Amino acid sequence: MSGDHSHNEDQIDCGSRVNDSHKHKDKYRDKEHKHKDHKKDKEREKSKHGNGDYKDSSDKKHRDKEKEKMKHKDGSADKIKDKHKEKKIKLLDGKIKKEKENGFASPQHVKSEPEDDFYYSPKHEKSLKRERDDDNDSEFKPKKIKTENDKKAKKRKQEEDIKSKKMKNKKGEVADGKKKAKKEPEEKWKWWEEERYTDGVKWKFLEHKGPVFAPPYEPVPSNVKFYYDGKVMRLSPEAEEVATFFAKMLDHEYTTKDIFRKNFFKDWRKEMTAEEKSKITDLKKCNFGELSEYFKAQSEARKSKTKEDKLKLKEENERLLQEYGFCIMDNHRERIANFRIEPPGLFRGRGDHPKMGMLKRRIRPEDIIINCSKDSKYPQPPSGRKWKEVRHDNKVTWLVSWTENIQGSIKYIMLNPSSRIKGEKDWQKYETARRLKKCVDRIRNQYREDWKSKEMRIRQRAVALYFIDKLALRAGNEKEEGETADTVGCCSLRVEHIKLYPENDGQEYVVEFDFLGKDSIRYYNKVPVEKRVFKNLQLFMENKEPDDDVFDRLNTSILNKHLQELMDGLTAKVFRTYNASITLQQQLKQLTNVDENIPAKILSYNRANRAVAILCNHQRAPPKTFEKSMQNLQAKIDAKRDQLSDARRELKSAKADAKVRRDEKSKKYVSEDLVKMKFPPWLSVLTTC
DNA sequence: ACTTCGACTTAGTATTTGAGAC
DNA sequence: GTCTCAAATACTAAGTCGAAGT
């Protein structure tokens with residue numbers, strides 16, 4: 001059993017997902033429908049087992065899991081492995097420390113980078129030099145040429161020699177940077193030719209202007225009315241603002257959903273005055289119609305603004321971008337990805353999210369933590385206001401953070417993908433995937449061996465890893481129930497997500513996957529697996545309830561610890577990167593032909609990308625405008641059809657006319673000119689539509 | 001050992017932009 | 001000039017994963 005050569009080809013043809021998913025989804029997915037089906041299945045399964053013994057199956061699940069875990073708590077082998085691991089890390093640490101001491105990032109004098117043949121752990125960021133693979137895959141050379149963001153960002157280059165971190169007259173520089181940028185040919189900062197920081201330091205100098213806050217709420221004009229129970233009702237600004245959030249979404253289907261409405265109403269009431277609260281007790285009696293119309297009219301007005309107005313708007317945006325959209329990180333002016341604070345609104349999670357409709361509150365300066373250099377010019381809060389905190393943590397990459405109120409998670413303002421800090425990380429990611437390429441056969445052999453292990457947890461780990469590798473599944477962290485949509489990944493698959501067919505459509509050992517993954521995107525795939533995998537799955541699923549975990553002795557942390565032992569820096573997601581990359585590479589090789597013209601090459605390229613999208617189960621809803629443009633096309637087709645039948649009619653009568661007149665000239669006219677005029681060659685295509 | 005948290009990447013959707021067709 | 005449509009960009013939710021906390 002070698003690490004199967006055919007494996008890579010499997011990546012593009014791993015089961016019947018392509019066809020099936022389209023069959024099932026009718027090309028464009030219908031989330032609502034999907035969710036309902038999913039739930040129904042679950043209910044069905046539950047009721048099957050629901051009588052008698054287990055009234056609360058989730059409770060039972062919990063108990064069982066506990067029991068099982070106890071049974072296997074002996075896992076002593078792991079401890080030994082852990083010790084090994086620690087040693088390794090220490091070793092690397094020592095090395096790193098040494099190197100780190102003289103490590104500079106973005107040195108003023110750019111040294112050329114010797115291509116040494118050693119790999120350093122990207123994970124531990126030991127190396128001063130960027131790791132570079134020494135195998136012969138020359139086609140893999142990192143060729144991303146990133147620019148120091150945005151054309152206008154330029155001119156920073158010249159300041160590279162400025163030693164002092166204090167940008168004396170920063171404003172002036174930035175301003176004339178803008179002017180110059182338009183004329184000067186762009187000079188790119190080749191950060192990838194420079195040395196990197198070590199030991200977790202992300203920057204030495206960071207200066208920025210802080211975030212741009214959402215514009216304050218502007219009450220709607222008094223002639224735009226809200227009605228409750230058929231009567232006009234004037235709302236307090238606070239309540240009105242939240243009402244406008246709902247009104248703006250009225251056209252969306254989710255405003256009809258119970259959870260959305262319930263969550264919204266509950267949060268809305270919190271913003272109401274006591275009087276409003278006592279009056280407004282039923283969302284059904286609320287009429288947001290005028291508000292909704294008002295906002296529609298507003299957006300129309302925005303679209304039909306004059307050229308000058310639009311230009312003015314554009315310029316204002318550009319000004320904001322120049323002022324707040326860039327930071328200075330280690331002598332370079334870098335573009336910020338999201339310098340605007342997320343405006344308040346109603347939360348719309350993806351899929352069946354239990355929190356949809358909740359109020360996403362307005363972020364104030366007092367919620368904001370600023371991160372910048374001690375020796376930089378700190379961003380100033382709006383006058384009379386305060387930041388929550390200003391800190392100087394150069395072990396992180398974010399500039400601004402705040403805690404969001406829906407999940408209580410932290411949000412960040414970070415740099416654009418073209419920045420050095422993001423680019424390096426991205427590069428590192430691909431380098432890790434390239435290292436996996438070198439040992440993937442070994443790892444595959446290993447997990448195939450592990451399918452036979454005496455220990456259940458090792459078998460589970462091996463089967464899960466096989467799915468992650470073969471099907472590009474995500475790791476599948478556990479999620480808190482009731483906090484988010486019910487989605488899963490590999491380690492969190494439940495019995496209800498998998499069906500086993502010893503034989504199906506002439507194939508043996510077929511596994512059918514049907515679950516909602518990230519973003520509640522449905523993963524449907526029917527795939528033949530090796531007999532051992534199949535038997536193992538039967539074993540894992542034996543005597544379990546539909547909502548029990550398939551891999552009850554596995555989680556992402558256990559899996560990743562194991563992967564770490566197999567290869568430094570290896571985690572579950574690296575397999576996705578690796579398999580996506582190798583698939584693209586193989587497909588390009590297979591589909592493209594040097595002699596083809598550009599359009600043919602583009603077609604092949606798109607097809608190669610499609611193969612990757614299928615592997616990774618990337619899906620998108622049809623654009624909103626899809627329906628409309630189809631209608632337009634149909635209208636054109638109809639018009640041509642009419643034209644065609646008119647032309648036929650004319651032809652007929654002209655022929656008849658010619659017969660009567662027996663006029664040579666007329667004959668000629670009928671057979672050539674008229675036909676040419678009325679039946680352009682491409683029209684025949686339409687007639688077959 | 002398990003849970004929570006923080007930092008960061010990934011990815012779908014909405015909006016804007018800009019080029020070509022009419 | 002206006003309209004249409006696709007590509008680019010903006011936005012932000014939802015993942016991953018390691019480390020700290022319990």
Side-chain angles (χ1 to χ4, degrees), chain A residues 29 31 66 69-70 73 75 78-79 82 89 123-124 150 200 202 214 249 252 299 302-304 307 310 313-314 317 321 325 335-343 345 347-351 353 355-356 360 369 371 393 395-398 401 403-404 406-418 421-422 425-426 428-429 468 473-480 483-485 487-492 516-521 555-561 563-564 569-577 580 613 616-626 628-633 636:
Chain A
R29 71 206 144 90
K31 281 190 184 174
E66 291 298 294
K69 277 181 185 160
M70 296 299 273
K73 268 201 167 133
D78 273 3
K79 278 178 192 156
D82 280 347
I89 289 174
K123 187 176 150 226
H124 305 301
D150 205 61
K202 303 289 168 51
M249 293 175 138
H252 274 113
S299 81
R302 221 173 304 127
K303 273 183 227 159
S304 50
K307 242 195 199 163
K310 279 184 179 169
L313 230 58
K314 206 177 163 186
N317 258 336
L321 174 69
R335 177 90 182 264
I336 297 167
N338 54 325
F339 58 92
R340 287 170 215 267
I341 297 282
E342 297 175 19
F347 175 78
R348 170 55 176 148
R350 302 192 179 134
H353 197 116
K355 297 190 170 184
M356 66 170 83
K360 206 169 101 159
I369 301 175
N371 193 31
D393 182 356
K395 300 276 172 78
V396 298
T397 66
W398 54 267
S401 76
T403 301
E404 150 271 348
I406 304 289
Q407 317 278 0
S409 62
I410 307 171
K411 299 259 184 164
Y412 303 94
I413 289 182
M414 292 182 184
L415 297 192
N416 200 65
S418 59
I421 216 149
K422 295 292 182 188
K425 204 68 191 296
D426 200 41
Q428 197 174 275
K429 172 185 80 185
I468 284 170
L473 300 190
R474 295 187 180 84
N477 282 316
E478 278 148 287
K479 303 169 77 187
E480 212 178 320
E483 291 294 295
T484 57
T487 62
V488 297
C490 187
C491 294
S492 49
L516 298 180
K518 183 180 179 183
D519 298 325
S520 291
I521 299 291
N555 61 39
T556 54
S557 155
I558 295 172
L559 179 66
N560 281 334
K561 266 181 193 145
L563 293 175
Q564 192 57 230
L570 186 60
T571 63
K573 80 194 267 283
V574 179
F575 282 89
R576 248 172 104 80
T577 308
C616 293
N617 199 39
H618 288 153
Q619 299 184 35
R620 284 201 301 168
K624 290 266 158 58
T625 50
F626 179 76
K628 206 183 142 215
S629 46
M630 285 311 274
Q631 277 171 4
N632 287 348
L633 284 175
K636 275 186 191 170

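Just so it is clear: chains get the letters A, B, ... in the order the sequence lines come, proteins before strands, and each one is counted from 1. Small disclaimer: the values here were computed from a predicted structure and weren't measured.
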- Got a donor-acceptor pair under 3.5 Å from the side chain of A/Lys518 to the base of B/dT10? yes

- Item | Side-chain N or O of A/Ser520 closer than 4.0 Å to phosphate OP1/OP2 of C/dA14 | no

- Using the six-membered ring wherever Trp is involved, compare the ring planes of A/Phe347 and A/His353 and label them parallel, tilted or perpendicular (cut-offs 30° and 60°). perpendicular

- Residue A/Lys479, side-chain atoms from C-beta onward, closest of B/dG12, C/dG15, C/dA13: C/dG15

- Message: Check the phosphate of B/dT16 against A/Lys310, side-chain N and O only, distance under 4.0 Å to OP1 or OP2. Yes or no?
- Response: no

- Message: For a quick test of reading the model: is some side-chain N or O of A/Lys573 closer than 4.0 Å to OP1 or OP2 of C/dC17?
- Response: no

- Side-chain N,O (A/Asn338) to OP1/OP2 (C/dA10) below 4.0 Å: no

- Looking only at C/dA14, B/dA7, C/dC17, the nucleotide nearest the A/His353 side chain is C/dA14

- Task: Would you please confirm or rule out a distance under 4.0 Å between OP1 or OP2 of C/dT12 and any side-chain N or O of A/Lys411?
- Result: no

- Consider the side chain of A/Lys314, meaning its heavy atoms from C-beta on, and name the nucleotide among B/dA7, B/dT17, B/dA11 that approaches it most closely. B/dT17

- Query: Is the shortest side-chain N/O distance from A/Arg350 to OP1 or OP2 of B/dT13 below 4.0 Å?
  - Reply: no

- Picking from C/dA10, C/dT12, B/dG12, the nucleotide nearest the side-chain atoms of A/Arg335 would be C/dA10

- Message: Measure NZ/A/Lys355 against P/C/dA13 and give the value in whole Å, please.
- Response: 12 Å

- So does A/Thr571 get a side-chain nitrogen or oxygen closer than 4.0 Å to the phosphate oxygens (OP1/OP2) of C/dC17? yes

- Between A/Lys303 (NZ) and C/dT2 (P), how many Å, whole number? 16 Å

- A/Lys425 side-chain proximity, nearest of B/dA11, B/dT9, C/dA13: B/dT9

- On DNA chain B, nearest-nucleotide positions of A/Glu480 versus A/Tyr412: which is more 5'? A/Glu480

- Within the pair A/Lys395 and B/dG6, is there a side-chain N or O less than 4.0 Å away from OP1 or OP2? no

- Task: Look at all strands and tell whether A/Gly489 reaches a base, only sugar-phosphate, or nothing, counting heavy atoms closer than 4.0 Å.
- Result: nothing

- Looking only at side-chain N and O atoms, does A/Arg348 come under 4.0 Å of OP1 or OP2 in C/dT12? no

- Message: Whether A/Ser401 contacts B/dA7 is assessed here as follows: a side-chain N or O lying under 4.0 Å from the phosphate OP1 or OP2. Is that the case?
- Response: no

- Query: B/dC8 P sits how many Å from A/Gln428 CD, rounded?
  - Reply: 12 Å

- Distance, rounded to the nearest Å, where A/Arg302 contributes CZ and B/dT17 contributes P: 12 Å

- When the distance from CD of A/Glu483 to P of B/dC5 is rounded to whole Å, what number comes out? 11 Å

- Task: Give a yes/no answer on whether the side chain of A/Arg576 brings an N or O atom under 4.0 Å of OP1 or OP2 in B/dA11.
- Result: yes

- Item | A/Phe339 CZ to C/dT12 C1', straight-line distance once rounded to whole Å | 15 Å

- Message: What is the distance, to the nearest angstrom, from the CG atom on A/Asn416 to the P atom on C/dA10?
- Response: 7 Å

- Can you tell me if A/Ser409 and A/Glu404 form a side-chain donor-acceptor pair at under 3.5 Å? yes

- Query: Once you round it to whole Å, what is the distance between C1' of B/dT13 and CZ of A/Phe347?
  - Reply: 14 Å

